[in-house]
Amino acid sequence: MADYIIRNGFVFDPILGINGDIMDVAVKDGKIVDAGDVTKATEIDASGMTVMAAGVDVHAHVAGPKVNVGRNFRPEDKLFSCSPRSGIKRMEAGFSVPTTIRTGYLYARMGFGFSMEAAMPPLYARHTHEEIVDTPIIDQGALPVFGNNWFVLEYIKENEVENTAAYIAWLLAQTKGYGVKCVNPGGTESWGWGMNCETVDDVVPYFDVTPRQIVDGLIAANEMLGLPHCMHVHGNSLGEPGNYGVTLDTLKIAEGHKPNNEFGRESVLHHTHLQFHCYGGESYASKSFESKSKEVMEYVNSTDNITFDLGVVTLDETTTMTADGPFEFHLSHMNNLKWANTDVELETAAGVVPFIYNPKTFIAGAQWAIGLELGLLIKDPMKAYITTDAPNAGPLMRYPRVYKWLMSAKARDDMLDNVLKYGDSVRERCYIGELDREISLYELAMMTRAGPAKTLGLSHMFGSLKAGLEGDVVVYPYNPESDTDDPEKIEYAFGNCNTLLKGGELIVKDGEVVSNGKQKRTFWVNAKTNENPVVERDISEKFKRYYTVTQNNYAVEGHHYVPNPYVIEVDATK
């Protein structure tokens with residue numbers, strides 16, 4: 001493997017406290033090293049450009065059955081976005097739900113090295129891993145969903161945290177999963193009974209357990225195991241006007257829980273796509289819809305054990321998809337477009353619905369503003385991560401556009417004055433008009449690499465240019481001294497990196513993808529627990545009585561599904 005030294009770039013690394021210093025960054029044998037430790041390295045001239053560690057995406061939907069449903073029933077999504085094979089590059093296509101090939105190339109062009117698939121139905125874990133394997137270049141992991149799982153509901157109802165933890169450990173091993181995801185806790189199971197859980201105290205039919213108990217129990221089990229990532233929740237009442245109270249109730253469940261892990265993680269709860277959960281007002285139809293981002297952020301800023309990602313609406317036509325089955329059913333009846341919903345046996349449910357965030361409507365404009373407000377109101381950017389909940393609030397390729405809006409008040413004013421039809425109303429009923437903060441490159445590095453790596457328990461590998469970490473380095477064609485007057489340069493630079501090294505391999509050179517990557521890995525967590533005959537008995541009985549597959553045909557095994565695993569070992573037997 002060749003060694004590299006990237007010379008004279010403006011380096012931004014909040015972990016090392018480097019804020020735009022002009023210096024060299026070196027990679028040897030796939031790892032970051034001190035610049036003096038390489039001799040015959042290939043030199044890359046980064047003069048006048050920005051250098052960071054590669055990006056880490058904490059939450060996106062880029063692999064798995066619902067993503068593939070989105071591809072299959074939206075052929076129009078590929079109509080004007082297909083690029084034929086060229087050189088080493090394979091054919092790529094798709095806008096809101098890109099092919100696996102385009103997904104890898106998009107991440108590479110944006111300078112990312114790791115992505116977490118945020119919702120994996122355990123029964124379809126094999127499918128999810130097949131798509132992960134087929135996605136080039138980036139390292140990936142996947143979060144199995146637990147918030148409506150029958151085993152979990154029954155154990156938590158009886159306050160059996162130890163059994164919940166044992167089941168989580170078993171399922172992570174079976175699915176090759178990375179951590180605990182919880183979507184609309186209890187509500188998705190209730191949907192099977194024609195209902196939903198709209199607050200944290202609604203009771204799940206038959207199971208007689210509440211979302212509050214589910215979230216609390218999963219946090220406790222997560223910390224009992226000492227998993228690298230905290231419990232990752234998509235709260236109840238997503239997208240409903242007035243839901244900010246439910247969001248605050250959900251966040252407050254983390255009070256009293258302390259992180260227990262050996263990975264440097266300080267959070268016990270990560271709330272995802274928080275934008276969809278910060279709404280005031282009574283309905284979409286009334287004129288009472290308003291932002292409650294400030295109220296939610298006042299609480300988040302007062303805590304030290306919660307992180308979140310933004311979920312910024314990008315005002316595009318996109319394809320929504322989530323394990324929140326009742327929400328997608330509701331959404332399909334709002335826009336009357338084609339839709340798909342499914343129930344995944346004892347585990348979860350999901351839906352897929354196309355959606356257009358029309359800038360000529362007040363609601364879409366307000367949603368755009370609320371997502372940005374969250375990033376502009378955060379006191380510690382290490383706790384707030386930039387996402388679009390891709391593709392739900394916007395396509396993956398729009399990350400650089402979100403950076404532009406966060407980094408430039410001029411770009412936000414242009415949207416309010418010239419793009420949004422109801423810009424004045426958005427200013428009046430949201431907080432965007434009173435926020436003049438501009439996220440710096442140093443803060444951007446916190447929100448897109450250092451912070452996500454820390455909350456995923458991967459700061460010993462990613463998110464910094466510290467010696468010994470993975471050789472994931474990106475050079476952006478953005479001069480922080482001379483390019484600040486034009487916000488369009490931000491969007492272009494962060495969507496078209498000049499150079500990307502992934503694990504010390506040259507992936508992007510002079511703005512072109514030159515390799516499909518040779519070392520792509522699938523990250524999963526093997527949590528070792530003591531033998532638990534009760535859980536083993538329950539698993540065996542439920543497979544015999546309810547599942548359509550046998551237990552022997554359930555596990556993700558073999559070279560085909562996880563050909564290059566990176567296993568994080570956790571010992572929870574003590």
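Just so it is clear, the structure is predicted and the values come from calculations on it, not from any experiment. In what follows, every heavy atom counts, from backbone to side chain, and hydrogens, waters and symmetry copies are set aside.
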Considering residues at least two apart in sequence or located in another chain, which fulfil the ring pair (Phe, Tyr, Trp, His ring centres under 6.0 Å) criterion with [X]?
{"X": "Tyr279", "answer": "Phe289"}
{"X": "Tyr492", "answer": "none"}
{"X": "Phe308", "answer": "none"}
{"X": "His270", "answer": "His232, Tyr385"}

Which residues pass the salt bridge (charged side-chain N to carboxylate O under 4.0 Å, His left out) test with [X], not counting sequence neighbours?
{"X": "Lys338", "result": "Glu76"}
{"X": "Lys292", "result": "Glu290, Glu295"}
{"X": "Glu328", "result": "none"}
{"X": "Asp486", "result": "none"}

Sequence-distant partners of [X], side-chain hydrogen bond (donor to acceptor under 3.5 Å, both in side chains), two or more places apart:
{"X": "Ser190", "value": "none"}
{"X": "Glu92", "value": "Arg102, Arg109"}
{"X": "Thr387", "value": "Asp309"}

Any salt bridge linking Asp417 with Arg427? Criterion: basic side-chain nitrogen under 4.0 Å from a carboxylate oxygen.
yes
Using a strict 4.0 Å threshold on nitrogen-to-oxygen distance, state whether Lys66 and Glu117 make a salt bridge.
yes
Supply the atom-to-atom distance [X] [atom1] to [Y] [atom2], rounded to the nearest 0.5 angstrom.
{"X": "Thr135", "Y": "Lys520", "atom1": "OG1", "atom2": "NZ", "value": "5.0 Å"}
{"X": "Arg71", "Y": "Thr319", "atom1": "CZ", "atom2": "OG1", "value": "10.5 Å"}
{"X": "Asp389", "Y": "Thr318", "atom1": "CG", "atom2": "OG1", "value": "9.5 Å"}
{"X": "Met116", "Y": "Tyr178", "atom1": "CE", "atom2": "OH", "value": "5.5 Å"}
{"X": "His271", "Y": "Cys182", "atom1": "NE2", "atom2": "SG", "value": "9.5 Å"}

Looking only at heavy atoms, what is the nearest atom pair of [X] and [Y], with distance?
{"X": "Lys383", "Y": "Ile306", "value": "CE-O, 3.2 Å"}
{"X": "Gly111", "Y": "Arg449", "value": "O-NH2, 3.7 Å"}
{"X": "Ala108", "Y": "Cys497", "value": "O-SG, 3.4 Å"}
{"X": "Val426", "Y": "Ala366", "value": "CG2-N, 3.9 Å"}

With no hydrogens and no angle check, do the side chains of [X] and [Y] hold a donor and an acceptor under 3.5 Å apart?
{"X": "Tyr124", "Y": "Glu130", "answer": "no"}
{"X": "Arg398", "Y": "Thr388", "answer": "no"}
{"X": "His234", "Y": "Asn184", "answer": "no"}
{"X": "Ser267", "Y": "Thr455", "answer": "yes"}
{"X": "Trp150", "Y": "Glu189", "answer": "yes"}

Determine the interplanar angle of the Phe276 and His273 rings, folded into 0 to 90°, and report it as parallel if under 30°, tilted if 30 to 60°, perpendicular if over 60°.
perpendicular
Parallel, tilted or perpendicular, judged at 30° and 60°: which one describes the rings of Tyr403 and Phe494?
perpendicular
What residues form a side chain to side chain contact (heavy atoms under 4.5 Å, CB included) with Thr342, not counting sequence neighbours?
Val344, Ala350
Within a strict 4.5 Å, meaning less than it, do heavy atoms of the Ile378 and Met297 side chains meet?
yes
Proximity of Phe112 and Tyr107 rings by center, below 6.0 Å
yes
Are His61 and His59, when compared by the centres of their aromatic rings, separated by less than 6.0 Å?
yes
Side-chain donor/acceptor of [X] to backbone N/O of [Y], under 3.5 Å:
{"X": "Thr348", "Y": "Pro121", "result": "no"}
{"X": "Asn236", "Y": "Pro185", "result": "yes"}
{"X": "Arg429", "Y": "Lys287", "result": "yes"}

